[in-house]
Amino acid sequence: MIAFVSGPVAALAPDSAVIEVGGVGMAVQCTPGTLAELRVGQPAKLATSLVVREDSLTLYGFADDDERQTFELLQTASGVGPRLAQAMLAVHSPDALRYAVSSGDEKALTAVPGIGKKGAQKLLLELKDRLGEPLGTGAHARAQGIGTPAAAGWREQLHAALVGLGYATREADEAVSAVAPQAEEMADPQVGALLKAALQTLNRTR
């Protein structure tokens with residue numbers, strides 16, 4: 001198992017990063033929040049989880065071990081694969097997910113693209129005794145986007161993140177426009193906070 005990768009960031013894409021490790025470029029699938037913290041040419045260390053399939057080996061990267069462990073625990077629920085688990089972590093921090101599951105917050109789960117009402121109810125039942133209780137640290141900060149610095153082009157990052165989560169280009173355009181006033185009020189627009197606001201907007205329009 002590859003527990004983590006560490007090295008300079010060689011490239012960034014809407015849903016992945018390439019980390020140079022010993023002269024080899026490791027492609028790592030990441031959430032928009034994790035990608036927003038990376039800069040090409042700068043050193044990075046990501047906790048990782050290797051997903052093995054008959055026809056592929058995919059490495060998923062996370063900001064810390066808590067995210068990685070939550071990613072792996074989410075997949076113990078029926079119907080949750082790595083893509084959906086990653087989408088859940090793109091919308092909610094690990095502690096926010098623990099709180100949602102422990103409190104039976106169905107609405108929080110349906111905010112994740114690909115999870116409907118019945119799916120959320122099923123996940124609440126299956127994950128209740130697996131994720132554990134909220135730790136009470138970091139959830140609020142992550143929800144507000146604290147510690148997730150955005151590069152100059154927040155519009156491009158946010159749009160790419162929404163498309164990466166499965167939304168149509170038109171829906172992503174509308175969501176970016178909807179949160180633009182909020183972004184303009186920020187001295188340093190935070191992609192994490194804007195992504196959360198954009199997803200709430202899209203959820204209301206469905």
Side-chain angles (χ1 to χ4, degrees), residues 14-16 29-37 47 49 51 58 60-64 66-135 138-145 148 157-176 178-179 182 190-206:
D15 60 355
S16 64
Q29 300 293 310
C30 303
T31 64
T34 298
L35 290 170
E37 297 183 5
S49 179
V51 176
T58 307
Y60 289 83
F62 310 93
D64 53 42
D66 189 21
E67 279 195 0
R68 179 187 65 194
Q69 291 167 4
T70 303
F71 171 79
E72 293 172 349
L73 284 171
L74 290 172
Q75 292 177 76
T76 64
S78 58
V80 178
R83 287 290 183 183
L84 184 54
Q86 188 178 52
M88 293 172 75
L89 285 166
V91 178
H92 300 295
S93 69
D95 217 33
L97 282 172
R98 285 190 283 267
Y99 181 80
V101 171
S102 65
S103 63
D105 190 350
E106 182 182 304
K107 189 175 180 180
L109 294 187
T110 56
V112 179
I115 299 180
K117 185 174 182 178
K118 289 185 177 179
Q121 292 171 342
K122 186 177 180 183
L123 286 172
L124 288 174
L125 287 173
E126 291 194 31
L127 294 172
K128 189 171 184 179
D129 298 322
R130 301 182 191 180
L131 290 187
E133 293 297 315
L135 301 177
H140 181 71
R142 279 292 297 275
Q144 298 302 318
T148 316
Q157 286 192 48
L158 181 58
H159 191 279
L162 291 167
V163 172
L165 286 172
Y167 287 101
T169 300
R170 179 185 58 79
E171 290 179 306
D173 289 339
E174 293 173 355
V176 170
V179 301
Q182 180 178 335
Q190 305 290 331
V191 173
L194 294 173
L195 177 61
K196 183 179 178 66
L199 289 168
Q200 290 173 340
T201 299
L202 289 164
N203 216 32
R204 286 196 296 268
T205 59
R206 284 187 165 184

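Between the side chain of Gln182 and the main chain of Val179, no donor-acceptor pair closer than 3.5 Å is present. The main-chain N or O of Tyr60 is never found under 3.5 Å from a side-chain atom of Gln86 such that the two would form a donor-acceptor pair. Although no hydrogens or angles enter the test, the distance criterion places a donor-acceptor pair under 3.5 Å between the side chain of Glu126 and the main chain of Ser78.
In this structure, CZ on Arg68 lies 7.5 Å from OG on Ser49, to the nearest 0.5 angstrom. The CD atom of Glu106 sits 11.0 Å away from the CD1 atom of Ile115 when rounded to the nearest 0.5 Å. Atom CD of Glu72 and atom CZ of Arg130 lie 14.0 Å apart (nearest 0.5 Å). For the atom pair Ser103 OG and Leu124 CG, the distance stands at 8.0 Å (nearest 0.5 Å). Annotation: the span from His92 atom NE2 to Arg98 atom CZ amounts to 13.5 Å, rounded to 0.5 Å. Taken to the nearest 0.5 Å, the CG atom of Leu131 stands 11.5 Å off from the CD atom of Gln69.
Closest heavy-atom contact between Met88 and Leu123: CE-CD1, 4.4 Å. Summarising the geometry of Ala90 relative to Leu195, their closest heavy-atom pair is O-CD2, 3.5 Å, with the distance given to 0.1 Å. Residues Ala63 and Thr34 share a closest heavy-atom pair of N-OG1, 3.9 Å. Residues Thr201 and Ala178 share a closest heavy-atom pair of CG2-CB, 3.8 Å. Shown here for Gly79 and Leu84, the closest heavy-atom pair between the two residues is O-CD2, 4.0 Å. Annotation for Tyr167 and Ala111: closest pair OH-O, 4.5 Å, computed over non-hydrogen atoms.
Side chains of Phe62 and Thr70 form no contact here, defined as non-hydrogen atoms less than 4.5 Å apart. Between Arg83 and Asp15, some side-chain heavy-atom pair lies under the 4.5 Å cut-off.
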Could you check Leu202 against Leu162 for side chain to side chain contact (heavy atoms under 4.5 Å, CB included), going step by step and ending with a plain yes or no?
-> CA-CA 10 Å; Leu202 289 164; Leu162 291 167; 3.9 Å; yes

Test Leu97 against Leu74 for side chain to side chain contact (heavy atoms under 4.5 Å, CB included), laying out the working first.
-> CA-CA 10 Å; Leu97 282 172; Leu74 290 172; 4.0 Å; yes

Start with the C-alpha distance between Val91 and Thr31, add both sets of side-chain angles, then the distance that settles side chain to side chain contact (heavy atoms under 4.5 Å, CB included), and finish with yes or no.
-> CA-CA 9 Å; Val91 178; Thr31 64; over 6 Å; no

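A salt bridge does not link Asp173 with Arg170: none of the charged nitrogens is closer than 4.0 Å to a carboxylate oxygen.
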